[in-house]
Amino acid sequence: MRGQPLTRQPKADVLVTPERSRTASIEQHIDREIKSLMVSLPNPERLSSDERRGIVARYTAVLEGNFIYWMTAAYLAVASDAAHAIIRENLLEEVRDNHPGMLRKFSVAADAMPTDADARAVARNLESVRRFVAQLSGTKIVIMMAFFEGFITRFMPYLADLAGRRGSAEREYTDVHGEVDVVHTRELFRALEAEMTLADGPEAATALLEGVDVLRTLIQRIVHHTNG
Ligand SMILES: [Fe+2]
């Protein structure tokens, strides 16, 4: 969701540029994707304790070691100064505040540390995202990360609920990410606009959304896989 600008904007920025309207339509698409993921979440009440563990564990298996790496790929792939500055801030916060450590603490407290089986459950879909990221397409990775941040923000109350039902009161990770990622998402859309302004020509919308598709499939795997 686009909120009010936090800082003063130059006058020209208020104009509806082609980039601005294309960014807005991508933002709407991402918003719909996130909403449809959210309504597909199984009711935590009806899940077994082991199913609740599985979701927390697979989420941890994917996020702990990959989020900063994918955000770093975005940093390496973008061309504009504005996008570099925005992504650098995001990375600084991740590293300085030890977000992977926070997530590890969260999954340990819920007795939901990823096992070999959890890693195997997400391996194929995780590899698809890695292959996509390896193409180093700045615009596409920024779109994927905006989707990721937006999803994470809205997923936090659900994740906290699962952990709570497993007897954990640890909330630092979910509290921090329910808050900061709202700002991160907004900033990434600003980075996207800067990248699209620099891009040579308009790319087909379906190509731009490639990263959203592969990441959505991975998230679906996190949420819906049943360890047999
Ligand atoms: Fe984070």
Side-chain angles (χ1 to χ4, degrees), residues 1-3 6 27 30-31 33-34 37-38 41 55-78 82-110 112-114 118-119 122 125-126 129-130 132-133 138 140-164 166 168-192 211-212 214-216 218-223:
M1 295 282 169
R2 189 160 215 111
L6 292 176
E27 200 167 342
I30 285 176
D31 198 53
E33 292 284 3
I34 294 172
L37 274 173
M38 292 305 297
L41 298 177
I55 296 174
V56 175
R58 290 188 297 274
Y59 178 90
T60 306
V62 167
L63 273 282
E64 188 181 13
N66 293 293
F67 186 89
I68 290 175
Y69 140 44
W70 293 341
M71 194 61 84
T72 303
Y75 184 82
L76 295 173
V78 293
H84 274 130
I86 288 163
I87 297 166
R88 184 178 184 278
E89 275 306 305
N90 193 313
L91 277 170
L92 260 180
E93 196 172 319
E94 285 287 325
V95 174
R96 190 186 51 214
D97 298 344
N98 185 15
H99 286 195
M102 248 182 230
L103 177 54
R104 172 66 37 168
K105 202 163 71 172
F106 178 82
S107 67
V108 167
M113 283 172 293
D118 297 316
V122 294
N125 300 110
L126 180 58
V129 178
R130 286 176 169 169
F132 161 77
V133 165
K140 291 185 199 175
I141 300 180
V142 170
I143 292 172
M144 182 185 89
M145 293 311 283
F147 165 62
F148 208 7
E149 295 267 16
F151 168 75
I152 290 167
T153 306
R154 283 189 249 177
F155 188 61
M156 287 304 98
Y158 184 86
L159 195 67
D161 186 7
L162 294 179
R166 287 191 53 84
S168 167
E170 171 58 49
R171 291 289 178 274
E172 188 186 15
Y173 177 82
T174 48
D175 285 351
V176 164
H177 288 81
E179 299 265 322
V180 298
D181 289 351
V182 174
V183 179
H184 285 174
T185 309
R186 193 161 57 222
E187 288 294 280
L188 284 173
F189 280 112
R190 234 169 32 85
L192 176 61
V212 175
V214 285
L215 183 58
R216 187 199 47 229
L218 175 60
I219 293 170
Q220 284 167 335
R221 187 76 176 168
I222 290 174
V223 172

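Atoms within each ligand, like the ligands themselves, are counted from 1 in listed order. Given the structure is predicted, the values throughout are model-derived calculations rather than measurements.
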Problem - Rounded distance [0.5 Å steps], CD1 in I222 versus CZ in F151 - result: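 It comes to 7.0 Å.
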Exercise for the section: Examine all N, O or S atoms of D97, backbone included, and report whether one is under 2.8 Å from the Fe ion (ligand 1). Expected result: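 No N, O or S atom of D97 is closer than 2.8 Å to the Fe ion (ligand 1), so no.
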Handout entry: Centroid-centroid under 6.0 Å between F155 and Y158 rings
Key =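 For F155 and Y158, the ring centres are under 6.0 Å apart.
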Exercise for the section: Please calculate the OE2(E94)-the Fe ion (ligand 1)-NE2(H177) angle and round it to 10 degrees. Expected result: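 That angle works out to 160° after rounding to 10°.
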Handout entry: A74 versus I141, closest heavy-atom pair with distance
Key =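 It is CB-CG2, 3.6 Å.
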Exercise for the section: Could you pull out the closest heavy-atom pair between A146 and F189, with the gap in Å? Expected result: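 Taking A146 first and F189 second, the nearest heavy atoms are CB-CZ, 3.9 Å.
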Practice task
Measure from the Fe ion (ligand 1) to every N/O/S atom of H99 and report the name of the nearest one.
Solution key: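 Among the N, O or S atoms of H99, the one closest to the Fe ion (ligand 1) is ND1.
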